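Input: one structure, supplied below.
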Amino acid sequence: QVQLVESGGGLVQAGGSLRLSCAASRNIRGIIAMGWYRQAPGKQRELVATITSGGSTNYADSVKGRFTISRDNAKNTVYLQLNSLKHEDTATYYCNAGAIIWGQGTQVTVSS
């Protein structure tokens, strides 16, 4: 079973950028959908973005135009570029593979 390890989170000022990485323990080429979710304190986990093996992407309305998901199958890695960050983007961001496998999460904190 594939394991996922996220990195790249941190503290950033509003308007700043971060790039999150999700490294998989094995080849992800055959995994149809990879995604990023986030969970803020006291809130339910929510979808941020997904990407299929063919490169089709889907975004939550709240991040469209600001976040970009991409995948590098050769490196077994999925990325999430976060631009124009807002305070409300503060959350723990989780990588997901095939809708069933989760990473441990990486914290993103945006100061206003």
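These figures come from a predicted structure and were not determined experimentally.
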- Query: With a cutoff of under 4.5 Å between side-chain heavy atoms, which Ile, Leu, Val, Met, Phe, Trp and Tyr residues group with Trp102?
  - Reply: Tyr37, Leu47, Tyr94
Which donor-acceptor pairs under 3.5 Å do the side chains of residues 50-57 make with protein atoms, sequence neighbours left out?
residue: Thr52; atom: OG1; partner: Gly54; partner atom: N; Å: 3.2
residue: Thr52; atom: OG1; partner: Gly55; partner atom: N; Å: 3.3
residue: Thr52; atom: OG1; partner: Ser56; partner atom: N; Å: 3.1

- Interatomic spacing from OG1 in Thr109 to CD in Gln13 - rounded to 0.5 Å: 13.0 Å
- Sequence neighbours excluded - salt bridge (charged side-chain N to carboxylate O under 4.0 Å, His left out) pairs with any residue from residues 96-112: none
- Of all residues at least two apart in sequence or in a different chain, which pass the side-chain contact (heavy atoms from CB on, under 4.5 Å) check with Ala40? Lys43, Ala91
- Got a donor-acceptor contact below 3.5 angstrom from the His87 side chain to the Val110 backbone? yes
- Distance from Leu80 atom CG to Cys22 atom SG, nearest 0.5 Å? 10.5 Å
- Message: Pair Asn96, Met34 - check side-chain contact (heavy atoms from CB on, under 4.5 Å), show working.
- Response: CA-CA 6 Å; Asn96 177 274; Met34 301 286 297; over 6 Å; no
- Which residues pass the side-chain hydrogen bond (donor to acceptor under 3.5 Å, both in side chains) test with Asn58, sequence neighbours left out? none
- Task: Return each pair, listed once, that meets salt bridge (charged side-chain N to carboxylate O under 4.0 Å, His left out) where at least one residue sits in residues 13-37; pairs must be two or more places apart or across chains.
- Result: none
- Scan residues 90-112 for pairs that pass salt bridge (charged side-chain N to carboxylate O under 4.0 Å, His left out), counting only residues two or more places apart or in two chains. none
- So does Asp89 pair up with Lys86, basic N to acidic O under 4.0 Å? no
- Query: For Val63, what residues pass the side-chain contact (heavy atoms from CB on, under 4.5 Å) criterion, not counting sequence neighbours?
  - Reply: Arg38, Val48, Tyr59, Ala60, Arg66, Phe67
- Message: Quick one about Gln107 and Thr92 (side-chain donor to acceptor, distance below 3.5 Å, no hydrogens or angles considered), yes or no?
- Response: yes
- Say you draw a straight line from CD1 of Ile28 to CG of Asp72; how long is it, rounded to the nearest 0.5 Å? 8.0 Å
- Keeping to residues at least two apart or across chains, list the disulfide bond (SG atoms under 2.5 Å apart) pairs with something in residues 29-60. none
- Listed by chain and number, what are the side-chain hydrogen bond (donor to acceptor under 3.5 Å, both in side chains) partners of Gln81, not counting sequence neighbours? Asn83
- Within a radius of less than 6.0 Å around CD of Gln3, do more than 12 heavy atoms belonging to other residues, nucleotides or ligands occur? no
- Message: Rounded to the nearest 0.5 Å, what separates atom CG in Leu4 from atom OG in Ser21?
- Response: 12.5 Å
- Do Ile69 and Val78 have side chains that get closer than 4.5 Å, going by heavy atoms? yes
- Item | By side-chain contact (heavy atoms from CB on, under 4.5 Å) - contacts of Gln104 (at least two apart) | Val5, Glu6
- Task: Kindly give the cluster partners of Tyr79, where membership spreads through any ILVMFWY side chain lying under 4.5 Å from a current member.
- Result: none
- Message: For the CG atom of Leu82 and the OG atom of Ser17, what is their distance to the nearest 0.5 Å?
- Response: 8.0 Å
